[in-house]
Amino acid sequence: ERNQADVSEAKSGRTDLIFLIRFRHCCLLRNQRCLLAYLYDRLLRIRALRWEYGSVLPNTIQFHMSTEEVEWFNQYKKSLATYMRSVGGEEGLDLTQDIKPPKSLYIEVRCLRDHGEFEIDDGTTILLKKNSQHFLPRWKCEQLIRQGVLEHVLS
């Protein structure tokens with residue numbers, strides 16, 4: 001606002017204000033660049049949350065996000081899901097499954113909290129209760145490991 005007032009005074013003939021106007025304008029542009037860099041970094045972090053936690057964010061993380069950021073996360077989640085369905089044929093291809101290449105197809109996991117029933121591809125249903133241990137296919141339980149429901153037991 002002060003810059004705008006000084007611009008009208010400079011138009012009327014006060015040329016000594018031109019340097020002050022330029023200085024303020026450069027400061028405004030710098031602050032704008034800093035804010036845009038900050039917002040872009042936040043978007044990159046929110047995008048990484050989708051790959052780390054899956055399609056449902058924990059409430060502790062979602063609490064610290066604005067409504068626009070939650071909306072952007074949901075749009076990104078939908079776009080990623082649409083792309084994954086289009087790539088893998090009938091069933092689609094879950095790109096978020098194996099972030100690190102697996103050493104074995106089955107792993108031993110311990111349940112950290114009660115989760116309920118969990119179905120494997122062969123139709124077997126397993127009850128995931130706190131402190132129970134199971135030998136499960138890696139790709140079926142990796143999402144639950146990231147969410148903190150299961151813990152990979154290293155022998």
Side-chain angles (χ1 to χ4, degrees), residues 1-4 7 21-155:
E1 292 172 0
R2 184 72 185 142
N3 235 20
Q4 289 176 345
V7 165
I21 294 169
R22 281 188 176 173
F23 176 73
R24 283 191 194 134
H25 187 68
C26 288
C27 289
L28 288 172
L29 290 177
R30 179 195 172 276
N31 289 346
Q32 183 183 27
R33 283 193 314 270
C34 290
L35 283 172
L36 288 174
Y38 170 75
L39 291 173
Y40 182 69
D41 183 60
R42 264 189 88 85
L43 285 181
L44 291 179
R45 290 172 189 252
I46 292 169
R47 184 177 69 181
L49 289 174
R50 168 58 182 95
W51 291 85
E52 185 177 343
Y53 289 102
S55 59
V56 179
L57 289 177
N59 289 334
T60 55
I61 292 175
Q62 203 166 7
F63 175 74
H64 295 290
M65 293 170 61
S66 69
T67 53
E68 290 82 9
E69 289 173 335
V70 172
E71 186 179 320
W72 188 89
F73 176 81
N74 289 331
Q75 288 295 335
Y76 180 73
K77 175 177 68 172
K78 288 177 185 173
S79 314
L80 185 62
T82 303
Y83 176 73
M84 289 190 299
R85 275 193 305 271
S86 70
V87 172
E90 283 183 24
E91 297 174 13
L93 178 65
D94 189 3
L95 298 173
T96 62
Q97 259 180 12
D98 293 318
I99 292 176
K100 295 177 184 174
K103 293 182 180 173
S104 65
L105 296 178
Y106 286 83
I107 58 172
E108 188 173 356
V109 292
R110 179 182 300 118
C111 195
L112 299 176
R113 61 176 188 244
D114 291 339
H115 183 68
E117 292 185 347
F118 181 69
E119 187 174 341
I120 304 176
D121 283 342
D122 63 0
T124 308
T125 304
I126 297 171
L127 183 62
L128 297 177
K129 293 181 81 174
K130 186 173 181 173
N131 295 326
S132 62
Q133 284 188 276
H134 307 280
F135 197 64
L136 299 173
R138 174 184 294 274
W139 66 276
K140 282 297 278 186
C141 59
E142 191 170 80
Q143 194 76 18
L144 292 174
I145 291 172
R146 278 190 246 134
Q147 291 174 359
V149 175
L150 298 175
E151 172 187 47
H152 184 183
V153 177
L154 301 172
S155 304

What I'd like to find out is whether the side chain of [X] reaches to under 4.5 Å of the side chain of [Y], using heavy atoms alone.
| X | Y | answer |
| --- | --- | --- |
| L80 | W51 | yes |
| R33 | L36 | no |
| L127 | S132 | no |
| V87 | L95 | no |

With side-chain contact (heavy atoms from CB on, under 4.5 Å) as the test, would you mind laying out the steps for V109 and L144 before giving the verdict? CA-CA 10 Å; V109 292; L144 292 174; over 6 Å; no
To the nearest 0.5 Å, what is the distance between [atom1] on [X] and [atom2] on [Y]?
| X | Y | atom1 | atom2 | value |
| --- | --- | --- | --- | --- |
| S79 | R50 | OG | CZ | 10.5 Å |
| L128 | D114 | CG | CG | 9.0 Å |
| N131 | E151 | CG | CD | 9.5 Å |
| L57 | H64 | CG | NE2 | 12.0 Å |
| E52 | R45 | CD | CZ | 11.5 Å |
| C34 | L29 | SG | CG | 11.0 Å |

[X] atom [atom1]: more than 12 heavy-atom contacts under 6.0 Å:
| X | atom1 | result |
| --- | --- | --- |
| H152 | NE2 | yes |
| E71 | CD | no |
| N59 | CG | no |
| R24 | CZ | yes |

If every non-hydrogen atom of [X] is compared with every non-hydrogen atom of [Y], which pair is closest and at what distance?
| X | Y | value |
| --- | --- | --- |
| K129 | C111 | O-CB, 3.0 Å |
| F73 | L49 | CE1-C, 4.4 Å |
| Q143 | Y53 | NE2-O, 3.4 Å |

Do I107 and C141 pass the side-chain contact (heavy atoms from CB on, under 4.5 Å) test, and can you show the C-alpha distance, the side-chain angles, and the key distance before you say yes or no? CA-CA 9 Å; I107 58 172; C141 59; 3.8 Å; yes
Between the main-chain N or O of A37 and the side-chain N or O of D41, is there a donor-acceptor pair closer than 3.5 Å? no
